[in-house]
There are 2 protein chains.
Amino acid sequence: MTARARVKIKDVATLAGVSTATVSRALSAPDSVGPATRKKVMEAVKATGYRINSAARDLRQRRARSLLILAPNLSNTFFSRIFAAVQEEASSVGLTVQISDSRIGRDRLLSLGYDGRADGIVLLDGGLDPEVVNGWRLPLIQLSEWNDAYDAPRLGIDNHAAAGLAVDHLVGLGHRSLLHVNGPEENVLAITRRQGFLDAASRNGAEATVFPGDFTLESGAEAARRWAGLDNRPTGVFCASDECALGFVSECIRLGCDVPGDVSVVGFDDIDFADRFVPSLTTIHQPRLEMGRAAVKQVVAMMQGTPKVEADATGTPPERIEAALVKRASTGPAPA
Amino acid sequence: MTARARVKIKDVATLAGVSTATVSRALSAPDSVGPATRKKVMEAVKATGYRINSAARDLRQRRARSLLILAPNLSNTFFSRIFAAVQEEASSVGLTVQISDSRIGRDRLLSLGYDGRADGIVLLDGGLDPEVVNGWRLPLIQLSEWNDAYDAPRLGIDNHAAAGLAVDHLVGLGHRSLLHVNGPEENVLAITRRQGFLDAASRNGAEATVFPGDFTLESGAEAARRWAGLDNRPTGVFCASDECALGFVSECIRLGCDVPGDVSVVGFDDIDFADRFVPSLTTIHQPRLEMGRAAVKQVVAMMQGTPKVEADATGTPPERIEAALVKRASTGPAPA
DNA sequence: CTGAAAGCGCTTACAG
DNA sequence: CTGAAAGCGCTTACAG
């Protein structure tokens, strides 16, 4: 392990007494060279400690063997399992993974889709400039969040229907007055879940209120304080995210209220802490491993030239992932 | 935005009526070309929508403008803020970030340090084969976890002393019998925290017990069940991680015990949920943003040839980040 | 200030 | 089965 100059294919070729072309072939398609040659090359590789320079190979082959994940906030715990799933699936087909925050400058963002370092994109942000996204010349899939102006297939759960599951659950427990703590105003997930909440409440003939929020713990706590100040407190609460719901629940407890005795709370996502919180959180489960894996498969298929699947006649995006309500301890019968 | 062939520097040069060398210079060092030439080139760039092919530039310059982060578990919430900090800091100096799981095959792992796609590594895993790590020919910094057999500088808090802070806090509250829920057997952080716990307990003349664990929520819950079965239950518990501590606390509550009435619990890390849990968690704060930023600065300095800072005479690693005890609601006076 | 030419380290038709 | 040569898309001494 002494420090040595980087060995390149030419060094191996010289040592083995063959051409670089033969070394290249012996390494990438062993069957295409003679057994004796193969042996000589392999010995030279071992003796020199040669490892291929991927950057050079990538340039020559005009592909990077790399996937780019773009997310609006790398420290969001909702994403971490998706990252892990994407990494695992990508790795299994020989691709490396780059992760970047999608909220970087417009110019830098534009470059990402052009610079020859990635050959596919998994986009977790529905809030980017469509001109930038559509300007990229790379296979791309929208995961979780989406934007109708992006010209790319999407993958995710049915957020509208999922919100309905939460409402139906609360109504089934006897709650007649419902509160929704919203996500960020412009966020497509928030908009869809909110609409799903309103539609389901109306369908069930329940009273519906909406408080602002932004998916965070703190916004949930803030909503709880506001809720506590109400004259007629809704008894069933549906939060746009688990973090928000956990913030809501913990602030309620801090204020001396009982969950679910005084108020039932439902979250969204089923992050790891949801079933460890006290009380454990009733929520909508999003299968994040499955989402990450499916996204990679889809984008890899696109890289290999599979034609995009189009939305069917009803406008339903073709790639639906099943979400489900998980009943836990934060919801119970409405107080008498 | 019609689909068009990728435009390269030659196309720009032709349109502007100059050589590719001049285009290259106009773009990377505008002052080195004449104003009129510069203008012609810029117009041609705009007209063609040219964007540089980074892969080609990287190969020619023999650097990748990219940092590689290696972590043993991408879905671990402790890492997410570090990732975000690294990304932010790297981005501010023009570097992209690749993230990879460090628990991939040995061969694939070895390649990462050789393949010309990264020019620096931030390593968050102390459990890799030192031969592989030392075989890499790239500036590398160990962050959080470390391994004495790695030939690279490290950055992190003083885990031994931090464990002492937790113990002193519990002893100060009157706890005389202490329990530690350990991290994974072989993990250097776990070993160091455990030793810090034992040394501080002994220094304080407190009784000390250690249960196995692995940093996870579930292992904390398991330890709580085991604790509950004890005849003489320790009243002060120090867990090797926040997740473990939250698992311990929630299982205690589930078993009908009061925290901190019956048992005080201290965690380690100060993850986002620590202050939102009910009760909020007393823990050791690790400044993860600072850690991520400092790691990037250090590895960038190494890339620019700054000589490694050596450990001083006392053997103290030079790059210490301050950890601190954060007192919250999960700890209180020992029961009478 | 600008251009012709070499070269970063590979792969791949093409020819034999 | 193997090699000579071209080329992936850039940058950079070198010369003028």
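Every chain is numbered from 1 and lettered A, B, ... according to where its sequence line falls, protein lines coming before strand lines. The structure displayed is predicted, hence computed values, not measured ones.
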*What pattern of brackets, bars and dots sums up DNA chain C from 5' to 3', given Watson-Crick or G-U wobble pairs under 3.5 Å, [ ] for crossing pairs and | for another strand?*
|||.||||||||.|||
*Hey, is the side chain of A:Thr22 poking within less than 4.0 Å of OP1 or OP2 on D:dG3, counting only N and O atoms?*
yes
*Pair A:Arg106 + A:Asp129, salt bridge at N-O below 4.0 Å*: yes
*Return no unless some side-chain N or O of B:Gln61 is found under 4.0 Å from OP1 or OP2 of D:dC10.*
no
*Tell me: CD1 of B:Ile9 to P of D:dG9, nearest whole Å?*
12 Å
*Write down the distance between NZ (B:Lys10) and P (D:dC8), rounded to a whole number of angstrom.*
12 Å
_B:Trp136 side chain vs B:Leu112 backbone, donor-acceptor pair below 3.5 Å_ = no
*Between B:Asp58 (CG) and D:dT11 (P), how many Å, whole number?*
10 Å
*Distance only, no hydrogens: is a donor on one side chain within 3.5 Å (strictly under) of an acceptor on the other, for A:Asp125 and A:Ser102?*
yes
*Nucleotide nearest A:Ser19 (side chain, heavy atoms from C-beta), chosen from C:dT12, D:dT11, D:dG3*: D:dG3
*Whole angstrom is fine here: how far is it from CD1 in B:Ile52 over to C1' in D:dG9?*
9 Å
*If each of B:Arg25 and A:Ala55 is mapped to the nucleotide of DNA chain C with the nearest heavy atom, which maps nearer the 5' terminus, i.e. the 5' end?*
B:Arg25
*asked:* Applying a 4.0 Å non-hydrogen cut-off, can you work out what A:Arg62 is touching in the nucleic acid: base, sugar-phosphate, or nothing?
replied: sugar-phosphate
*Whole-Å distance between D:dC10 P and A:Arg117 CZ?*
13 Å
_N-O pairing of A:Asp58 and B:Arg117 below 4.0 Å_ = yes
*Does A:Thr20 or A:Pro35 map to a spot on DNA chain D nearer the 5' end, using the closest nucleotide for each?*
A:Pro35
*So which nucleotide from C:dC10, D:dG9, D:dT12 ends up closest to the side chain of A:Arg60?*
C:dC10
_Could you check whether B:Gln142 and B:Asn147, counting side-chain N and O atoms only, form a donor-acceptor pair closer than 3.5 Å?_
no
_Earlier contact from the 5' end, DNA chain C, for B:Arg38 and B:Leu59_ = B:Arg38
*Please report, rounded to the nearest Å, how far the C1' atom of C:dT11 is from the CZ atom of A:Arg65.*
11 Å
*Integer angstrom distance from the P of C:dA13 to that of C:dG9*: 23 Å
*Under 4.0 Å between a Lys/Arg side-chain N and an Asp/Glu carboxylate O for A:Arg51 and B:Asp107?*
yes
*Where the side chain of A:Thr37 is defined as all heavy atoms beyond and including C-beta, which of D:dA6, D:dT11, D:dC1 is the nearest nucleotide?*
D:dC1
_From CG of A:Leu27 over to C1' of C:dC10, roughly how many Å is that when rounded to an integer?_
11 Å
*Could you go step by step and tell me if B:Ser54 and B:Arg65 meet the side-chain hydrogen bond (donor to acceptor under 3.5 Å, both in side chains) rule?*
CA-CA 9 Å; B:Ser54 306; B:Arg65 292 178 163 74; over 6 Å; no
*Whole Å only: how far is the CZ atom of B:Arg6 from the P atom of D:dC10?*
10 Å
*Between CD1 of B:Ile69 and CD of B:Gln98, what distance do you get to the nearest 0.5 Å?*
10.0 Å
